J.: 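Here you go, one structure.
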Amino acid sequence: MSNTLTIALSKGRIFEQAMPLLAAGGIRAAEDPEKSRKLILDTNDPRVKLVIIRASDVPTYVEYGAADLGIAGKDVLLEHGGEGLYEPLDLGIARCRMMVAGKPDAQLDGRTDRRRQRIATKYVRCAERHFAAKGQQVEIIKLYGSMELAPLVGLSDLIVDLVESGNTLKANGLVPLEHICEISSRLVVNKASWKMKHARVTALLEALRGAVTQQAA
Ligand code: ATP
Ligand code: MG
């Protein structure tokens, strides 16, 4: 195993909110991923690299050991299944809620007149689990983005999506209807790296834990 620690994360809100925490662990990115096209970023520490990837790809890179560590939303981890990784720390960043939403007059009983309700979502596993727990048989329609559009054009009766302020729903005439779970980003660790690079991984983990506690105080 190499001497380098590789951390996988996505640009945007996770990168922006993770940087102050990583700084507490002595890690500063040499470049801004919004300005650079590089996918592997150096840091001030020659033994630490950041790989910038799609949020939903982070668990895969960490599971296969292409990155030793990663930062991923709980939504992404729930969809991935979280097999093959450790999830030792809630970083408390990129907070939002997973919710069922729809038009204000939408029914929540799982049925319309003569068919099962259709639920459009990027979060198929979470949606399946939520409706199954309520004993409702629904039809899940997998989408990759802009879930808010689905009820407006008759693709679905409801959506399952992440909600922060609710402004995106509101702008599209939708309302949050049911709370599924709270979401925040987690530190994930490759299982082999946890053993083979134990001292460095735990040193970073404890620095991050300290920074999270301080940020929460
Ligand atoms: P992409 O935008 O590339 O399709 P994505 O939507 O998963 O992928 P981001 O928008 O960067 O990527 O979101 C990354 C993570 O931030 C999500 O997995 C989720 O945990 C969290 N997140 C998403 N939307 C919000 C939101 N509105 N408020 C707070 N956190 C959010
Ligand atoms: Mg997004």
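None of the values given here were measured: they were computed from a predicted structure. For ligands, and for the atoms within them, numbers begin at 1 and follow the listed sequence. Side chains are part of it too, since the values below use all heavy atoms of this structure and drop only hydrogens, waters and symmetry mates.
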J.: Salt bridge between R54 and D57, side-chain N to carboxylate O under 4.0 Å?
T.: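 Looking at D57 together with R54, the answer is no, because their closest N to O distance does not fall below 4.0 Å.
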
J.: May I ask you to list the atoms of ligand 1 that are less than 4.0 angstrom from any heavy atom of C96?
T.: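 Listed by number with element: 22 (N), 25 (C), 28 (N), 29 (C), 30 (N), 31 (C).
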
J.: For N172 and L152: C-alpha separation, side-chain torsions, deciding distance, then whether side-chain contact (heavy atoms from CB on, under 4.5 Å) applies.
T.: CA-CA 8 Å; N172 290 291; L152 305 181; 3.9 Å; yes

J.: Give the atoms of ligand 1, by number and element, whose distance to some non-hydrogen atom of I183 is under 4.0 Å.
T.: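 Near I183, meaning under 4.0 Å from one of its heavy atoms, ligand 1 has 20 (O).
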
J.: Look at D161 together with K122 and state whether they make a salt bridge at an N to O cut-off of under 4.0 Å.
T.: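 Salt bridge flag = no for K122 with D161.
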
J.: Determine which pairs satisfy salt bridge (Lys or Arg N to Asp or Glu O under 4.0 Å) with at least one residue from residues 166-186, sequence neighbours left out, and list them in order.
T.: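 Qualifying pairs: E87-R186, D90-R186, K134-E178.
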
J.: Using a 3.5 Å cut-off on N or O atoms only, is K74 in polar contact with ligand 1?
T.: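 Between K74 and ligand 1 (N or O atoms, distance only) the closest approach is not under 3.5 Å.
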
J.: Give yes or no for whether the N/O distance cutoff of 3.5 Å, strictly under, is met between R54 and ligand 1.
T.: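 Yes, R54 has an N/O under 3.5 Å of an N/O on ligand 1.
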
J.: Of all the atoms in ligand 1, which lie at a distance below 4.0 Å from a heavy atom belonging to L162?
T.: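 The list of qualifying atoms is 19 (C), 22 (N), 23 (C), 24 (N).
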
J.: So, are R209 and E206 salt-bridged, with charged N and O less than 4.0 Å apart?
T.: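 Yes, charged N to carboxylate O under 4.0 Å.
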
J.: Return yes when A94 approaches ligand 1 closer than 4.0 angstrom through a heavy atom, no otherwise.
T.: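 Yes, A94 has heavy atoms under 4.0 Å from ligand 1.
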
J.: Quick one: which residue pairs count as a ring-ring contact (aromatic ring centres under 6.0 Å, His included) with a foot in residues 187-217, not counting sequence neighbours?
T.: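 Of all non-adjacent pairs touching residues 187-217, those that pass ring-ring contact (aromatic ring centres under 6.0 Å, His included) are Y86-W194, W194-H198.
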
J.: Are any of the side-chain nitrogens in R47 or D45 under 4.0 Å away from the carboxylate oxygens of its partner?
T.: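 Yes, charged N to carboxylate O under 4.0 Å.
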
J.: Check each of D57, D75, L9 against atom 19 (C) of ligand 1 and report the one with the nearest heavy atom.
T.: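 Among D57, D75, L9, the closest heavy atom to atom 19 (C) of ligand 1 comes from D75.
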
J.: Between I14 and ligand 1, find which residue part has any heavy-atom pair under 4.0 Å and reply side chain, backbone, both or neither.
T.: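 The answer is the side chain of I14.
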
J.: Can you figure out which of M98, R95, K122 has its heavy atom closest to atom 29 (C) of ligand 1?
T.: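 Among M98, R95, K122, the closest heavy atom to atom 29 (C) of ligand 1 comes from R95.
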
J.: In ligand 1, which numbered atoms sit nearer than 4.0 Å to a non-hydrogen atom of G73?
T.: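 Those atoms are 20 (O).
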
J.: Between the side chains of D75 and R97, is the shortest nitrogen-to-carboxylate-oxygen separation below 4.0 Å, so that they form an ion pair?
T.: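 D75 and R97: not salt-bridged.
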
J.: N/O of V76 under 3.5 Å from N/O of ligand 1, yes or no?
T.: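 By distance alone, the answer is no.
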
J.: Would you indicate whether K38, at its atom NZ, is surrounded by more than 12 heavy atoms from other residues, nucleotides or ligands within a distance under 6.0 Å?
T.: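 No, NZ of K38 has 12 or fewer neighbouring heavy atoms, counting only those of other groups under 6.0 Å.
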
J.: Short N/O distance, under 3.5 Å, between S185 and ligand 1?
T.: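 No - when backbone and side-chain N and O of S185 are compared with those of ligand 1, no distance drops under 3.5 Å.
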
J.: Number the atoms of ligand 1 from 1 as they appear, then name those within less than 4.0 Å of a heavy atom of E164, with their elements.
T.: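 Within the 4.0 Å cut-off of E164, ligand 1 contributes 26 (C), 27 (N), 28 (N), 29 (C).
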
